[in-house]
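Scope of the values below: all heavy atoms of this structure, side chains included, with no hydrogens, waters or symmetry mates. Note that the structure is a prediction, hence the values are computed from the model and not measured. Order of the sequence lines sets the chain letters (A, B, ...), proteins ahead of strands, with each chain counted from 1.
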2 protein chains.
Amino acid sequence: MSIENERPPESPLTLATFLPYRLSVMSAVVSEGLARLYNERFGIAIPEWRVLATVGEFRSVTAKAVGLHAHMGKVKVSRAAASLETRGLIRRVPNAADGREAFLALTPDGEAMYGEIAPLALSYAGRLTETLSAADRAALDRLIDLLLRRAGEMNAPGPPGEASPAGA
Amino acid sequence: MSIENERPPESPLTLATFLPYRLSVMSAVVSEGLARLYNERFGIAIPEWRVLATVGEFRSVTAKAVGLHAHMGKVKVSRAAASLETRGLIRRVPNAADGREAFLALTPDGEAMYGEIAPLALSYAGRLTETLSAADRAALDRLIDLLLRRAGEMNAPGPPGEASPAGA
DNA sequence: GGGAGATAGTTACAAACGAAACTAGCTGCC
DNA sequence: GGCAGCTAGTTTCGTTTGTAACTATCTCCC
């Protein structure tokens with residue numbers, strides 16, 4: 001019993017090299033900086049920013065479309081939109097053809113704020129990658145697309161007949 | 001004023017190509033799949049998983065060290081550790097030399113669960129990148145490191161004398 | 001044209017979270 | 001040796017978030 005190696009000397013799993021963990025930290029650090037920017041200068045949080053950005057991008061969208069585009073649940077969209085409306089940054093235009101939904105659009109104040117935040121956001125993203133070569137930037141975009149697609153496939157129920165049913 | 005182009009035809013900011021947004025969605029999709037794995041099979045959430053993984057990796061660590069290593073605030077670590085202790089997966093060993101802290105270690109049950117989850121987690125990460133070339137995997141690791149470092153620098157207060165003071 | 005089921009969006013409730021206050025114990029300095 | 005200040009960890013409190021229930025409207029089909 002001289003050497004009590006109850007487990008192989010190096011554990012095969014180290015958090016610091018575990019991709020999901022690394023992605024999570026990277027995203028958190030980036031979001032943190034950006035959120036501080038929005039928050040300090042404009043008193044706006046990330047869900048509100050995403051709605052503002054989506055409405056700014058499309059000029060007139062339903063809440064549902066915002067959720068799809070900005071990857072947010074409908075509750076979050078509803079709350080963020082309510083907050084933006086209260087602050088006079090967006091307005092609701094009821095859809096005459098479908099009483100359930102309404103289009104969201106920027107008010108003049110909303111346009112003004114969007115006009116200020118958007119360049120700031122773009123500059124933040126630009127500074128983030130300005131030390132990368134063009135090839136690296138392209139690789140990054142491609143890799144993100146690949147991982148997004150791959151993770152989406154892995155999360156999806158998979159072709160019927162596979163291990164998806166509840167019991168498995 | 002014949003053409004009333006209140007804004008250039010294409011907005012320069014599109015959420016779908018905005019790096020911080022893309023990172024956030026990628027991380028969320030990956031974490032979601034992983035979290036479902038842990039949760040369905042072991043009834044464990046991500047903060048608990050991170051603590052378990054860190055304790056499993058180092059055998060005996062203080063809560064503070066866990067927080068540093070796993071990028072969690074001390075409150076989150078405290079709660080996750082309490083939960084794991086309640087379930088009999090980790091135990092606390094008071095540090096005789098410093099009454100403020102205690103070392104966390106896996107119980108036999110905790111070892112068993114770690115032994116089950118770790119390979120599962122590694123397999124998940126492996127499947128995530130199995131469609132990538134070796135070069136792509138290397139590039140991904142390198143790019144994550146670069147972005148992590150860069151975002152960290154950008155968030156840091158910066159050299160004294162810069163625009164950091166509150167008023168700016 | 002009227003009811004069953006689907007859909008857009010809001011509200012209600014409960015879990016998760018972080019900031020700040022708090023407890024307990026250590027360290028350095030007089 | 002004792003007090004001022006620091007550190008590890010927990011608890012408290014208010015905020016944010018997600019799930020589920022609900023409202024209002026639409027669509028399909030008889």
Side-chain angles (χ1 to χ4, degrees), chain A residues 24-25 27-29 31-36 38-40 43-51 54-55 58 60-86 90-105 155, chain B residues 24-25 27-29 31-33 35-36 38-40 43-51 54-55 58 60-87 90-105 155:
Chain A
S24 164
V25 172
S27 163
V29 173
S31 283
E32 191 196 322
L34 199 54
R36 193 159 34 166
Y38 301 154
N39 217 347
E40 284 176 358
I44 224 172
I46 283 201
E48 285 140 31
W49 154 245
R50 285 199 183 168
V51 172
T54 305
V55 176
F58 295 106
S60 176
V61 272
T62 63
K64 159 141 223 210
V66 171
L68 254 40
H69 186 71
H71 207 258
M72 296 165 69
K74 60 182 179 171
V75 175
K76 213 173 199 175
V77 173
S78 173
R79 289 197 266 240
S83 156
L84 292 172
E85 193 180 23
T86 300
I90 66 172
R91 76 199 132 88
R92 276 165 221 268
V93 182
N95 182 1
D98 186 341
R100 289 170 303 181
E101 66 185 15
F103 298 105
L104 306 177
N155 288 1
Chain B
S24 164
V25 172
S27 162
V29 173
S31 285
E32 190 196 322
R36 194 158 32 162
Y38 302 153
N39 217 346
E40 283 175 0
I44 223 173
I46 284 201
E48 285 140 32
W49 153 245
R50 284 199 185 169
V51 171
T54 305
V55 176
F58 296 106
S60 175
V61 272
T62 62
K64 161 143 226 219
V66 171
L68 255 40
H69 186 72
H71 205 257
M72 296 165 70
K74 59 182 178 173
V75 174
K76 215 174 196 171
V77 173
S78 174
R79 290 198 266 237
S83 157
L84 291 172
E85 194 182 22
T86 299
R87 301 195 214 179
I90 66 172
R91 76 200 133 89
R92 276 163 220 269
V93 182
N95 181 1
D98 186 340
R100 290 168 303 180
E101 65 186 16
F103 297 106
L104 307 177
N155 289 1

If I take atom [atom1] in residue [X] and atom [atom2] in nucleotide [N], what distance separates them, rounded to the nearest angstrom?
X: E32(B); N: dG18(D); atom1: CD; atom2: P; answer: 11 Å
X: E48(A); N: dT16(D); atom1: CD; atom2: C1'; answer: 11 Å
X: M72(B); N: dT10(D); atom1: CE; atom2: C1'; answer: 15 Å
X: I46(A); N: dT17(D); atom1: CD1; atom2: C1'; answer: 14 Å
X: W49(A); N: dT16(D); atom1: CH2; atom2: P; answer: 19 Å

Contact state string [nucleotides 3-16 of chain C, B base, S sugar-phosphate only, - no protein heavy atom under 4.0 Å]: ----BSBBBB----
The criterion is ring pair (Phe, Tyr, Trp, His ring centres under 6.0 Å); which residues satisfy it with F103(A), sequence neighbours excluded? none
Can you tell if the side chain of [X] reaches within under 4.5 Å of the side chain of [Y], non-hydrogen atoms only?
X: S83(A); Y: R79(A); value: no
X: H69(A); Y: V61(A); value: no
X: S60(B); Y: V93(B); value: no

With a non-hydrogen cut-off below 4.0 angstrom, is G99(A) in contact with a base, only sugar-phosphate, or nothing?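 Sugar-phosphate, backbone atoms only, no base.
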When the ring planes of W49(A) and Y38(A) are compared, do they come out parallel, tilted or perpendicular, using 30° and 60° as the limits?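 The rings of W49(A) and Y38(A) sit tilted, inter-plane angle from 30° to 60°.
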Check each of R50(A), M72(A), K64(A) against V77(A) using the side chain to side chain contact (heavy atoms under 4.5 Å, CB included) test, and report the only one that passes. M72(A)
